[in-house]
Each structure stands twice: as structure tokens, then as C-alpha cells.
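Each chain gets a letter, A, B and so on, in the order the sequences are listed, and its residues count up from 1.
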2 protein chains.
Amino acid sequence: MTTARDQIIQTTSTLMELQGYHATGLNQIIKDSGSPKGSLYYYFPGGKEELTAEALNRAGQIVLNRIKSNLDLVEDPAESISNFIRNVALHVELSGYQGGGPITTVAMETSATSERLREACHRIYSGWIEVFAEKLLQGRFSPEQAQSLATVIIAAIEGGIILCRTGRSGDPLRQVADNLAILIRQFG
Amino acid sequence: MTTARDQIIQTTSTLMELQGYHATGLNQIIKDSGSPKGSLYYYFPGGKEELTAEALNRAGQIVLNRIKSNLDLVEDPAESISNFIRNVALHVELSGYQGGGPITTVAMETSATSERLREACHRIYSGWIEVFAEKLLQGRFSPEQAQSLATVIIAAIEGGIILCRTGRSGDPLRQVADNLAILIRQFG
DNA sequence: GTCTATACACTGATAGAC
DNA sequence: GTCTATCAGTGTATAGAC
């Protein structure tokens, strides 16, 4: 029953999604989470880096589950994947163009300065790619094709989120959805 | 002849490419650029935000020129575009997975907190997309198709850079190159 | 487990001399 | 144009009481 710990992790994830790693201070995390101030280094002896790694892992896991359940809804790979991407577009719009998860931002900020966080992000991305690759294997794809195409799907989604946030529009992600569907059907 | 000013801008661009906006301090910029310390607010009265906007614009312009010259080398859109993306992969590798430009990182960090920087990034991305769209119009694309596909190309490249940096491999961008070439040929 | 207090470095920014 | 000095605020992290 570590609900205080959970609150800290959840708040960290939300704040870093909005403003990134370095702009998010521990004081703000404590304040926003309403958690007891003295408990941060009790729960996370590794300090900000450890706390961030946990927040990223949790956020990554939630997204992973959302991917899985979305892809299970429709059998056709092209259709289910483009549906999922459209859902991401909607999510980014409804968040006021502040959504899209904390991983991309933190990854770019820390990939050159924190081996721990870089590896955490790498593992999260790899997990997502694997799920898409498995779905593609239900179509007429070779394992290599599926892996390659799944990588491109994640790349285009992440890049699409960036374009949506900077352009304040969900359209880039919808164009990703449309064009990737075409590409997937090419094979299948 | 504002070479001190140029040095500051160049250093800002490099540092932010590596570690982002909030981790890059003005003191570090002054120190690394070897520029006179007192001149920063003389050249950039708007402070860090103005300096960053100039650095992003300069970096964006350089990339824009590189895109143009690359796409001019080969007539076939699919081939020239995938060649360019392979060049990006090589560049990221040779930089020790620290390259890829400052725009993406700063965009994610500040899109929700600085309207000025968000708009700067948006304009830069739009310029890149336009150049790719023009190239695609040389093939058998409708204007809408070209614009849509160019958007996906930029998204996949930006996302590919993220995957390359976190995974310390140039392969994701090469997979982007391969699959986008297939997608482009689908139309042309 | 949680608290307060605090150490110490650093941030962006400004003022005023030269 | 460039300098030094300095502002007020914030950063992460730690110590020690309770």
C-alpha cells in the first residue's frame, strides 16, 4: 500500500510529459503530488534519476497495454494500427496538445547524459515495437519485414506527436495513420 | 561582422542539440563559445528565449539547405528521399548518437511553455515539409498526397532520430528510408 | 515514514563602471 | 561593446529530530 509513492510517480510522469526532465523540479513534484515532502528520498534513494526511471517505466507500461488492447479490437493489421494512431491523434488534441507521454521528451534530453534513462527509454520503445511486430506477423509479413515496419510505425508516431504539438493540430498523426495503412496493405 | 554573436548562436545550437533547452545554461554558452561575457544581453536583449529562437532558426536553415541540395542530386523522388534519410542515419552515427539537431528536443521541452519557441519550431518543420512536398510533386502525386506524404516523411525522420539516439544504432533511420521508399513508389 | 532546516551550486537577469 | 558584481530565486541533495 504505497499510495504516496504512486502519487509521486504519477505526478512526475505528468509534469515531465508537459515540460520535460530538467524543467521539472523535485519541489514541484512534491507540491503537486500533495505527498509528504520528507518521503521523496526515502522512496527513491537514487534521487531524481531513479524517480524518473520509474515514472517512465510506468508510463511505458500503460501505453503498452493500450496498444495491445487497441490492436486486439480489429483483426486486420492495417486497419487496427491506423485506428490506434487515430486514437493517439485524438488524445493529443483533447490534452490541449500537451499529451503524448513523457518518454520522447526525456529521451531527447537525457540520452546523451544519463545512461540509465537512455536505456530505460530504449527498452520501452523496443517493447512497443515488439507488440506491433507481432500484430504484423498475423499478416503476410516475414519476421524481418514485420520488425522493420514496426520500427517505422513507432518512429512515425513519435515524430507525429512532435508535429502535432508544435503545430497545434492532430492532422499530422492522422496523415501518419493514413499513409502507414497504405504501406502495410502493400505487403499484406 | 558580428562574429561574436555568431559564435554564441552556434554554441547554443550545439549545446541544445546535446542536452536540450533547460539543461543548457547561459554561463555554459558564454564559456564554451569563448565570447565576452558581457555581450550576451547586448546581442540578445530578449535573453535566453530570443537567443534560442535564433539558434533554432539558424539550425533549421542549414538543414533546409542540406535537404534541398540532397534532393536535387537524384531525380527520382523515392530514391533521392531515401538517400537523404540514409545520410541522416550516417550523420547520427558519426556524431556518437548526439546529433539530429536541436529543434526536436527544444520543441518537446518548450511547446507547452513558450509560444515563441513553439512557433519557431513549427515554422521550421513546415519549411522542411514544403521542400519534400515539392520534390514529390515531380512524381505523380496530387498536391494533397504530396503534402500528406511529406508530413509523414518528416515525422518518421524525427522519430527515427529519437530511436537511433536511444538505441545507439543507425538502423531505425535506415528502416525508415527503406519503407518510405516503398511507400513513395506505391504512388509514383 | 515523515518532518524541518539547510548546504551549496547554479540559474537567468540586471546595474553601472569603463 | 564588454566588464564585474550582484540580485533573487531555484536546483538537488543531505542531516538530524521526531
Side-chain angles (χ1 to χ4, degrees), chain A residues 1-56 102 105-106 108-110 112-118 120, chain B residues 1-56 102 105-106 109-118 120:
Chain A
M1 193 59 12
T2 50
T3 191
R5 209 186 111 101
D6 285 359
Q7 263 301 316
I8 294 175
I9 291 177
Q10 172 58 41
T11 303
T12 302
S13 181
T14 303
L15 286 174
M16 291 195 179
E17 179 175 28
L18 190 66
Q19 47 187 250
Y21 179 83
H22 287 105
T24 302
L26 297 180
N27 292 332
Q28 189 185 7
I29 292 172
I30 289 302
K31 194 174 149 197
D32 283 24
S33 69
S35 303
K37 177 164 187 171
S39 53
L40 200 152
Y41 279 90
Y42 171 78
Y43 287 124
F44 308 96
K48 191 181 186 180
E49 197 182 28
E50 179 182 347
L51 166 57
T52 304
E54 292 237 28
L56 294 181
T105 312
V106 177
M108 291 300 288
E109 283 183 276
T110 65
T113 50
S114 166
E115 199 66 7
R116 178 176 190 171
L117 295 178
R118 199 208 97 236
Chain B
M1 194 60 9
T2 49
T3 191
R5 208 186 111 100
D6 284 359
Q7 263 300 318
I8 294 175
I9 291 177
Q10 172 56 42
T11 303
T12 302
S13 181
T14 303
L15 286 174
M16 290 195 179
E17 179 174 29
L18 190 66
Q19 47 186 246
Y21 179 84
H22 287 105
T24 301
L26 297 181
N27 292 332
Q28 189 185 9
I29 292 172
I30 289 303
K31 193 175 150 196
D32 283 24
S33 69
S35 303
K37 177 165 187 170
S39 52
L40 201 152
Y41 279 91
Y42 171 78
Y43 288 123
F44 308 97
K48 191 181 187 180
E49 197 182 28
E50 178 183 347
L51 165 58
T52 304
E54 293 237 29
L56 294 181
T105 312
V106 177
E109 282 183 275
T110 65
S111 72
T113 49
S114 165
E115 199 65 9
R116 177 175 189 171
L117 294 178
R118 200 207 96 237

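One can place CD1 of B:I30 at 16 Å from P of D:dG1, the figure rounded to the nearest angstrom. The nearest whole Å value for the distance from the CD atom in B:E50 to the P atom in C:dG12 is 15 Å. The interatomic distance linking A:I8 (CD1) with C:dG1 (P) rounds to 13 Å, in whole Å. One atom, CG of A:L40, and another, P of D:dA15, lie 16 Å apart when rounded to the nearest Å.
Regarding contacts with the backbone of C:dT2, a side-chain N or O of A:Y43 is found under 4.0 angstrom from either OP1 or OP2. At D:dG1, one or more side-chain N or O atoms of B:Y42 fall inside 4.0 Å of OP1 or OP2 (strictly under the cut-off).
Residues A:T24 and A:Q19 bring a donor and an acceptor atom of their side chains to less than 3.5 Å of each other. Side-chain contact, A:Q10 with A:T14: a donor N or O sits under 3.5 Å from an acceptor N or O.
B:E50 is linked by a side-chain hydrogen bond (donor to acceptor under 3.5 Å, both in side chains) to nothing, counting only residues two or more places apart in sequence or in another chain. Annotation: salt bridge (Lys or Arg N to Asp or Glu O under 4.0 Å) contacts of B:D6 (sequence neighbours excluded): B:R58. Looking at residues two or more places apart in sequence or on another chain, you find a side-chain hydrogen bond (donor to acceptor under 3.5 Å, both in side chains) between B:S35 and B:S33.
With B:E54 contributing its side chain and B:I9 its backbone, the two residues share no donor-acceptor pair below 3.5 Å.
Residues in residues 36-49 of chain B take part in no salt bridge (Lys or Arg N to Asp or Glu O under 4.0 Å) pair, two or more places apart or across chains.
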Just the atom pairs and distances: protein N or O near nucleotides 4-11 of chain C's N or O, under 3.5 Å.
| from | atom 1 | to | atom 2 | distance (Å) |
| --- | --- | --- | --- | --- |
| C:dT11 | OP2 | B:N27 | ND2 | 3.0 |

Nucleotides 14-18 of chain C: which of its N/O atoms have a protein N/O under 3.5 Å away?
none

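Residues B:T105 and B:E17 are not in side-chain contact: their nearest non-hydrogen atoms beyond the backbone lie 4.5 Å or more apart.
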